[in-house]
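Keep in mind the model is a prediction, meaning the values are calculated, not measured. Chain letters run A, B, ... following the sequence lines, proteins first, then strands; residues in each count from 1.
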Amino acid sequence: MTVVTLEEDTGIKKIRQFQSALRDAIRAPDEVMLDFSAVRRLDCAAVQVLLAAAREMRETSKSMKMRGVNEAVRNQLYLCGLR
Amino acid sequence: MSEIEDTAQQEQRADKSYRSMAQTSRAEKTEEESQFVTFMIGGETYGVAVLKVQEIIGMTQITHVPNTMVFMKGVINLRGSVVPVVDMRIKFGMEERSYDAFTVIIIVEVRERMIGMIVDSVSDVIGIPVKSIQDTPHFSARIETDFISGIGQVEDKLVIILDVDRILSSEEMSEMDRERS
Amino acid sequence: MEDAGIREVFYKESREILDNLEADILMLEEMSDPDVVNRLFRYFHTLKGSSGIAGYKNVYEFTHKIESVLDRVRSGGIEVNRELVDLLLGSLDWVREAIAGDDVASGEAKQALIAKTNVLMGTVEPASEPVSNAGAGGEPAREIEVGYRYFRVHAGFRDDVFESGIDPLLIMEDLAALGKFVDRRVDRSKLPLLTDMDPEKCYLSWDLVLKTKQPPNKVDEVFLFVKDDNDILIEDITAMYTSETPVQDHSEEKKLGEILTSKGILTEQELTDVLSSLEKNKKLGALIVEKGYATDKDLQFALNEQEKIKKRVETSTVRVDTEKLDGLLNLLGEIVIGQSAINRIADELDEEKGFQLKNALYGLDRVTREFQEQIMSIRMIPVGPSFEQFRRFVRDSSQALGKDIRLEIEGGETELDKTVIEKIGDPLKHMIRNAIDHGIEPPGERESAGKERMGRIMLRAYHQEGNVFVEVADDGGGVNFRRLREKAEAMGILKQGDEVNEQRLLSILFMPGFSTAEKVGELSGRGVGMDVVKTNIESLRGSVEIDSHPGKGTTFRVKLPLTLAIIEGMLVRVGGSIYIIPLLSIVESMQPRREDIRTVKEKGEVVQVRGEYVTLVRLYDLFGIKPEFSNPWESLMVIVESGMSRVGIMIDELLGQQQIVIKSLENYISRSRALSGAAILGDGRVALIIDVHGLVEELSK
């Protein structure tokens with residue numbers, strides 16, 4: 001399993017790193033686990049990248065798992081149509 | 001109930017339930033009878049009530065199961081269900097024998113579970129007059145008697161009638177339940 | 001939207017319960033069986049609980065009465081006779097009508113039934129019984145909508161919006177804080193592929209309907225900094241929602257309007273006009289014709305269209321009995337076996353014919369595999385949606401008790417067999433109810449204990465070694481062991497001075513009729529529930545444990561064996577037998593070197609793997625079979641992990657991994673804890689599945 005650990009300040013400032021980290025994780029053959037433990041909240045840019053990644057994972061029928069998602073982030077994901 | 005009807009029913013039932021059973025007995029029925037599937041174990045004829053028998057299949061590959069009762073030979077695949085099979089020779093304390101072309105597995109229903117009985121060969125479905133079935137079997141000391149529900153006589157043959165509900169004693173079943181739960 | 005969901009769930013659930021009830025009441029007439037009485041009690045108890053939540057106040061009050069009668073029957077205070085059965089059947093009919101909304105005569109019927117219960121209970125209820133307003137029948141208490149406004153919001157952003165330091169998500173959160181979204185659509189269609197996207201650009205837009213008590217300017221304020229440069233549209237549509245007509249009907253009506261506009265019969269403007277002037281109890285169609293926007297004929301055409309759409313929606317799903325799916329799966333197994341038989345024949349044919357046949361079979365094989373996956377996927381559904389339905393339940397029932405509780409859900413994507421999901425709903429509800437009633441303390445108490453005012457209940461699902469675990473954990477006060485003990489002694493379950501550990505004490509909670517609650521609670525506390533939980537879970541061949549720490553909270557852990565679940569398994573051969581090791585438990589496989597094998601006191605044989613000692617398991621010894629290799633350095637070793645321990649299982653050969661459909665193995669078949677079930681392989685053989693956790697436990701004995 002490939003674990004992608006999100007940094008506390010995952011967002012627009014480091015969005016390109018996050019994009020490429022997710023891109024690499026998707027290319028890896030196994031399942032992807034996103035660790036949100038350090039994240040208090042996300043921004044729109046980060047969520048967009050997640051949405052795009054989730055869509056691609058779905059298409060390749062791989063699963064993307066999440067852990068350590070706090071209530072605020074969960075709510076944000078919900079607002080953007082992710083669960 | 002007329003005789004013709006009765007025989008027809010019996011044939012139909014046999015056709016449905018026993019894949020390898022060719023013919024049914026047409027013993028004359030002058031009085032109330034019960035139907036039994038008869039089979040051979042160690043030269044003796046045994047019978048189980050027709051309604052208890054699900055089907056009879058030829059010998060198939062048995063998967064060994066560890067840590068079980070000696071007579072439990074393992075499990076088989078019965079059209080997608082995993083069914084345990086019991087070697088009746090071992091259960092009866094007879095010596096083991098290698099399986100041959102006549103060896104069959106009789107699938108019976110015991111307390112809503114399916115269990116296979118491995119027997120030497122299968123004989124026939126026969127009707128035994130209820131009156132001729134004796135309750136107290138002092139006849140064979142070789143097998144546990146609580147397993148036998150009676151001895152029936154057809155012509156000159158003796159049929160030992162088994163109570164399949166007791167293939168596994170309740171202790172055997174519940175002890176196992178306790179062990180693992 | 002949510003309300004309708006809850007009622008829908010309640011409606012379905014209660015219909016099932018009512019059917020069961022009928023059968024059981026009739027059984028009671030045949031013979032007075034305490035089990036049946038218990039079951040009846042539980043059914044009414046469940047009905048009571050869920051009708052309270054769904055807002056059927058009448059049903060709630062009424063079932064409470066019947067429950068009291070049955071409680072009396074249970075304790076022997078009321079005899080089971082014809083009269084009782086009549087009363088129960090009558091009650092059943094009444095509840096059925098009340099739920100269906102047939103309310104004309106049911107006020108009288110209810111009064112008659114209550115009179116009967118009073119006779120049975122030997123009490124005459126005070127005349128203030130709220131029967132007088134029972135004319136409302138089973139109509140659910142409607143939420144008071146006064147003061148709410150509805151806004152339709154469209155928010156599309158410039159693609160360079162991030163550059164100005166604006167986070168659209170933050171705006172959406174601010175908007176959400178004003179009220180509740182009753183409709184939420186996120187347009188992601190502009191979002192490019194992950195590789196192609198410029199992550200510094202914004203691609204999302206939202207279409208929302210906000211239900212709020214705030215005035216329009218508050219909603220405007222949220223968009224203050226973005227509304228000029230971006231595509232922001234705010235529309236007050238309160239008129240569409242506040243008339244007496246239920247919301248669902250409106251959406252029906254709206255659809256009719258949509259059809260009319262899409263066919264060019266009505267303009268958008270006209271539709272809005274009609275919708276805004278739509279009055280109570282008036283049909284949209286009639287109004288349109290009245291206003292002269294469309295003719296009767298146009299309307300008929302649109303109605304037909306609407307009917308067609310409805311039909312299309314109805315036929316796109318089919319309810320299938322899960323037994324039929326089981327049957328399909330078993331038949332498919334037969335096909336696979338038949339295929340392998342043909343395969344063997346192909347081996348015996350001459351080369352050319354054999355090759356052709358094999359090729360044809362290969363194609364068939366692919367189809368059957370896909371077939372199997374499809375059938376399995378029909379049965380497996382994520383637990384998420386069934387977990388979600390508890391959110392409202394937690395909210396409402398905690399509010400009713402003056403508690404502040406948040407439900408957190410984790411692992412909603414965990415898939416479980418549909419039948420299993422259906423059957424754990426009730427037990428889970430009971431456990432959550434228990435956590436709300438007895439677990440979480442009132443806010444004041446929490447505060448003085450140095451905790452957050454808001455209590456938390458975690459509902460969590462996860463896979464572990466071929467099992468699915470579902471946990472209900474609260475951060476409340478934990479089980480009061482002293483009171484539990486006192487109660488157990490009072491009930492005669494324990495004698496004074498009996499030495500029992502905490503685990504044993506906790507298991508008492510699952511005994512029928514046991515409850516530590518001091519007052520009869522709204523939702524639980526009558527000593528029904530936990531025994532139901534246990535029986536329901538055990539009927540799924542699962543188990544439930546409680547773990548409780550005073551002051552810290554209680555966790556219920558439900559272990560569910562996947563009767564029909566698939567796991568990814570590694571097929572291994574030991575001698576002539578094939579076993580399956582769940583892939584999830586496997587760390588690695590290797591051939592041990594002779595010099596790395598030691599015998600250590602108390603640990604037995606161990607193998608040194610990168611400086612760590614791993615216990616060697618001679619599976620053939622454990623299972624009593626003949627292996628090909630009995631020297632570890634000749635055989636292979638599969639290292640598996642369970643919890644903190646690792647062991648190395650000796651095998652002869654790795655045969656490759658495969659998706660495995662787990663079939664349960666009845667307990668009496670084997671005493672070994674090292675087995676978790678069996679599977680049928682492609683060639684029709686049965687292979688046993690190794691339970692790594694059980695294996696490790698068996699070794700440590």
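- Using a 4.5 Å heavy-atom threshold, the side chains of C/E698 and B/N67 count as touching.
- Side-chain atoms of B/N77 and C/R685, non-hydrogen and from C-beta on, never get closer than 4.5 Å to each other.
- With rounding to the nearest 0.5 Å, the separation of CD1 in C/I669 from CD1 in B/I115 is 8.0 Å.
- Looking at residues two or more places apart in sequence or on another chain, you find a side-chain contact (heavy atoms from CB on, under 4.5 Å) between B/S81 and B/V83, C/N330.
- Within a 6.0 Å sphere centred on CD of C/E348, heavy atoms belonging to other residues, nucleotides or ligands number more than 12.
- Remark: side-chain polar atoms of C/S670 are paired, donor with acceptor, to backbone N or O of B/P66 under 3.5 angstrom.
- Under the 3.5 Å distance criterion, the side-chain polar atoms of B/H64 are left unmatched by any main-chain donor or acceptor of C/G576.
- No part of B/I62 comes within reach of chain C, as not one of its non-hydrogen atoms sits under 4.5 angstrom from that chain.
- The only member of C/L688, C/I680, C/L681, C/I578 that meets side chain to side chain contact (heavy atoms under 4.5 Å, CB included) when paired with B/T63 is C/L688.
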